[in-house]
Amino acid sequence: DERGGARRCDAAPRTEVVHNGLRVRAVPAGPHDGRTAQLLLSVGRLEHYKRQDLAVKALAHLPGWELAVIGAGPAAAALQDLAARLGLSDRVHFPGRISDDDLGGWLSRAWAFISMSEKEAFGLTLLEAAAWGIPVVASDIPAHAEVAAMVPGGVDLVTIATDTSALAGSVASAAKPMTEVALRPWAGDLSWANVGRSLEAVYRSLVEPAPSSHHDIASRPTPITARY
């Protein structure tokens, strides 16, 4: 973790963190599209370390719910087999990789969003779901904790465990019907335009003379950027 490393070597006073931008996609507003099932949504590459299997297992304890596992990757076949073995094939959807417009449709139906990943650089999918007011249940890892600190009460952090009944309880407690989807006011602060301005300000602080007569380059912030 580059940011954690900066803190450990006492570079924090010279460090500026510019968060990833939030792409505000078109999400249809209004009621559900005629389906009555409560929808749990998972979005991301299908990798074993992302633990989408826990979401599938939790669904067994959520009668009346459906789960959409959106994405593609090497864990896809195992997840589909798991759903079949648990008798959940009719309630678990695997759309694969989809367009932004199609993802907007799934977001508009979601009652809760889940990510039980064991490791991440940054929880961008969590942030996007929370930006639309969708309750998020996520594993308590540093990247998700960072997002939780950015989102006012929108992320419920839980321990990664094999007790999927308790995980289902967390989902049920957090969930709410998305009868109307609306972008949260704070989401605009994370637009790519604002992120670009913040990064530009950091770069300018490195090349432009400070107002003080003493220009100590060591005292200027060192930008840390990361690819997520």
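Since the model is a prediction, treat every value here as computed from it, not as a measurement. Hydrogens, waters and symmetry mates play no part in the numbers below; they use all other heavy atoms, side chains included.
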Output the distance between atom [atom1] ([X]) and atom [atom2] ([Y]), rounded to the nearest 0.5 Å.
| X | Y | atom1 | atom2 | value |
| --- | --- | --- | --- | --- |
| Ile70 | Leu41 | CD1 | CG | 4.5 Å |
| Phe122 | Leu127 | CZ | CG | 5.0 Å |
| Lys57 | Arg51 | NZ | CZ | 6.5 Å |
| Ile141 | Ser117 | CD1 | OG | 5.0 Å |
| Leu54 | Ile160 | CG | CD1 | 7.5 Å |
| Leu40 | Leu67 | CG | CG | 5.0 Å |

What heavy-atom pair brings [X] and [Y] nearest, and what distance separates the two atoms?
| X | Y | answer |
| --- | --- | --- |
| Ala145 | Asp140 | CB-OD1, 4.4 Å |
| Val136 | Ala129 | CG2-CB, 4.1 Å |
| Ala168 | Ala58 | CB-O, 3.5 Å |
| Pro135 | Lys176 | CG-CG, 3.7 Å |
| Gly73 | Arg45 | CA-NH1, 3.9 Å |
| Val69 | Gln52 | CG1-CG, 4.1 Å |

Please examine the side chains of [Y] and [X], heavy atoms only from C-beta on, and report whether any two atoms are closer than 4.5 Å.
| X | Y | answer |
| --- | --- | --- |
| Val158 | Met116 | yes |
| Leu167 | Ile114 | yes |
| Asn194 | Arg197 | yes |

I'd like to check the salt bridge (Lys or Arg N to Asp or Glu O under 4.0 Å) partners of Arg97; sequence neighbours left out, ordered by chain and number. none

Judged by modelled atom types alone, do His144 and Glu120 share a side-chain donor-acceptor pair under 3.5 Å? no

Could you tell me whether the side chain of Ser115 and the main chain of Ala138 form a donor-acceptor pair under 3.5 Å? no

Quick check: does any side chain N or O of Ser173 sit under 3.5 Å from a backbone N or O of Ser170, one acting as donor and the other as acceptor? no

Would you be so kind as to tabulate the donor-acceptor pairs closer than 3.5 Å made by side chains of residues 77-91, with sequence neighbours excluded?
residue, atom, partner, partner atom, Å
Arg91, NH1, Leu62, O, 3.0
Arg91, NH1, Trp65, O, 2.8
Arg91, NH2, Leu59, O, 3.4

